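Values in this document were obtained by computation on a predicted structure and should not be read as measured data. Computation of the quantities below employed the complete heavy-atom set of this structure, encompassing side-chain atoms and omitting hydrogens, waters and symmetry-equivalent molecules. In what follows, every chain begins at residue 1, and chains take the letters A, B, ... in the order their sequences are listed.
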2 protein chains.
Amino acid sequence: MQQESVIEIEEIATVLKLLGDKTRLTMVKLLDSHDCCVCEFVEMFKTSQPAISQHVRKLKDKGIVKESRRGQWIIYSLNKESEYYPFLKNVLKSLPDQGYRLDELEKQGLRISCCD
Amino acid sequence: MQQESVIEIEEIATVLKLLGDKTRLTMVKLLDSHDCCVCEFVEMFKTSQPAISQHVRKLKDKGIVKESRRGQWIIYSLNKESEYYPFLKNVLKSLPDQGYRLDELEKQGLRISCCD
DNA sequence: TATACATATAAGTGTATTATTATATAAGTA
DNA sequence: TACTTATATAATAATACACTTATATGTATA
């Protein structure tokens, strides 16, 4: 059985602060089922590309997400090696599925471009 | 079996933002095992009484905690009727116990005064 | 009723956060 | 190499946040 190390309450508070933003929380919930690139988030959240980049950077700085380049795109995914991952999964399971957002992109033909 | 209603992701984000503060998160974790009054929090967090009052008010405004007067003291407790309570419990179970903070108060004789 | 104690509220201040615009970097393609 | 597309970074401005100090309210008690 895997031993889950105890995380300080202060550390958890900083993770919760990151999740306490509608955009980032939705991003993370989406990433729990599909990897996404920045351009998809931009379409989805109807906000600017720099705004999205800054959100994902915060998540990356805390080790919650990781990136991998695929050509000109950068694909973000949940970092399953993070010490926060088990905690994160536990939070995410209470959230309503956000897959419909990807479905909407698909309908507009905005998903095929980079990620499949 | 009790039906848990689905809470919008935006609502959860505002709850997480409230929890994303070290002081409030610790408060809520403590309240999960013991009711507390403001004066105890003031001693514990080594901060001003108005600062504490403002934190508990935010939690109260969102329905996460409730208050009950006992003489001149106001005792705060988790609001088990809150729609967020099941979610909250789920988050709290990942946090390290904060009971030692009450033990320390006890040692200093600062606990007996109001709550028992 | 005067005073003390517990808590709340108001006003002000410094800092943090999140967006925007402009620009830089990095990869793909004609 | 020039141009396009995807993303990141920098600078800045508006807003939100969490304190502080001062004051108000509400209860207990001499």
Side-chain angles (χ1 to χ4, degrees), chain A residues 9-10 13-28 31 35-62 64-77 105 108-116, chain B residues 10 13-28 31 35-62 64-77 105 109-116:
Chain A
I9 201 163
E10 199 162 343
T14 68
V15 171
L16 292 175
K17 180 178 283 181
L18 282 177
L19 299 180
D21 174 276
K22 184 187 141 187
T23 302
R24 285 191 299 262
L25 186 61
T26 307
M27 279 178 169
V28 169
L31 291 177
D35 297 352
C36 291
C37 67
V38 171
C39 60
E40 289 177 315
F41 287 141
V42 171
E43 288 301 327
M44 239 179 257
F45 295 112
K46 304 268 185 273
T47 183
S48 70
Q49 175 269 313
I52 296 296
S53 269
Q54 286 161 23
H55 280 303
V56 293
R57 186 172 45 161
K58 285 181 185 190
L59 294 171
K60 201 183 65 169
D61 286 350
K62 196 66 189 169
I64 291 170
V65 305
K66 61 182 181 186
E67 61 182 35
S68 68
R69 184 174 277 278
R70 179 145 107 201
Q72 43 185 341
W73 297 284
I74 295 181
I75 313 293
Y76 284 92
S77 56
L105 281 197
Q108 299 173 262
L110 292 166
R111 184 134 204 275
I112 3 139
S113 51
C114 51
C115 319
D116 44 57
Chain B
E10 199 162 344
T14 68
V15 171
L16 291 175
K17 180 176 283 179
L18 283 178
L19 299 181
D21 173 277
K22 185 188 142 186
T23 303
R24 285 191 298 263
L25 186 61
T26 307
M27 280 179 168
V28 169
L31 291 177
D35 297 353
C36 291
C37 67
V38 171
C39 59
E40 289 177 315
F41 286 142
V42 171
E43 288 301 327
M44 240 179 259
F45 295 111
K46 304 269 186 273
T47 184
S48 70
Q49 174 268 313
I52 296 295
S53 270
Q54 285 160 22
H55 281 303
V56 293
R57 187 175 42 165
K58 285 183 183 192
L59 294 171
K60 201 183 66 170
D61 286 351
K62 196 65 188 169
I64 290 171
V65 305
K66 62 183 180 183
E67 61 182 35
S68 67
R69 184 173 276 278
R70 179 145 107 201
Q72 41 187 338
W73 296 285
I74 294 179
I75 313 294
Y76 283 93
S77 56
L105 280 197
L110 291 167
R111 185 132 202 276
I112 4 139
S113 53
C114 51
C115 318
D116 45 55

Donor-acceptor pair (no angle test) under 3.5 Å: B/E67 side chain, C/dT7 base: no
For D/dC19, take OP1 and OP2 only and decide whether either is under 4.0 Å from a side-chain N or O of B/S48. no
Starting from P on C/dA8, measure out to NZ on B/K60 and report it in whole angstrom. 7 Å
Closest heavy-atom contact between A/D21 and A/H55? OD1-CE1, 3.7 Å
Taking the side chain of A/A51 as heavy atoms from C-beta outward, which of D/dT7, C/dT20, D/dA8 is closest to it? C/dT20
Counting only side-chain N and O atoms of A/S53, is one of them less than 4.0 Å from OP1 or OP2 of D/dT7? no
Contact class for B/K58 vs. all strands (heavy atom < 4.0 Å): base, sugar-phosphate, or nothing? sugar-phosphate
When rounded to whole Å, the NZ to C1' distance for the pair B/K46 and D/dT20 reads 19 Å
Contact class for B/Y76 vs. all strands (heavy atom < 4.0 Å): base, sugar-phosphate, or nothing? sugar-phosphate
To the nearest angstrom, the CH2-C1' distance between A/W73 and D/dA8 comes to 17 Å
Could you pull out the closest heavy-atom pair between B/K58 and B/R24, with the gap in Å? CD-NH1, 3.6 Å
Measure distances between side-chain N and O atoms of B/Q49 and base N and O atoms of D/dT20, and say whether any donor-acceptor pair falls under 3.5 Å. no
If you compare every side-chain N and O of B/H55 against the phosphate oxygens of D/dC19 (OP1, OP2), does one of them come in below 4.0 Å? yes
Between the side chains of B/K62 and B/T14, is a donor N or O closer than 3.5 angstrom to an acceptor N or O? yes
Could you check A/R24 against A/Q72 and say which one's nearest nucleotide on DNA chain C is further toward the 5' end? A/R24
Rounded to whole Å, please give me the gap between CZ in B/R69 and C1' in D/dT25. 9 Å
For A/I52 and D/dA6, what is the distance between atoms CD1 and P respectively, to the nearest whole Å? 15 Å
Work out which heavy atom in A/G20 is nearest to a heavy atom in B/L16; give both atom names and the distance. CA-CB, 3.8 Å
Strictly below 4.0 Å: does B/T47 bring a side-chain N or O up to OP1 or OP2 of D/dA18? no
B/V38 has its side chain closest, among C/dA8, D/dC19, D/dA8, to C/dA8
Starting at CD1 of B/I74 and ending at P of D/dT27, how long is that distance when rounded to a whole Å? 9 Å
At their closest point, which heavy atom of B/V28 faces which heavy atom of B/L59, and how far apart are they? CG2-CD1, 3.8 Å
Please confirm whether the backbone N or O of B/C37 pairs with a side-chain atom of B/E40, one donor and one acceptor, at under 3.5 Å? yes
Name of the residue among B/E67, B/K60, B/K66 meeting side chain to side chain donor-acceptor pair (under 3.5 Å) with B/Y76: B/E67
Tell me which residues in residues 16-23 of chain A lie within less than 4.0 Å of DNA chain C, going by non-hydrogen atoms. A/K17, A/D21
How close do A/R70 and A/I75 get, heavy atom to heavy atom, and via which atoms? CB-CG1, 4.0 Å
CD of B/E43 versus P of C/dT7: gap in Å, rounded? 11 Å
A/P50 has a side chain; which of C/dT18, C/dT9, D/dA10 sits nearest to it? D/dA10
Interatomic distance, A/I75 CD1 vs D/dA6 P [rounded to whole Å]: 12 Å
Nearest listed nucleotide, side chain of B/C39, among D/dA8, C/dT7, D/dA6: C/dT7
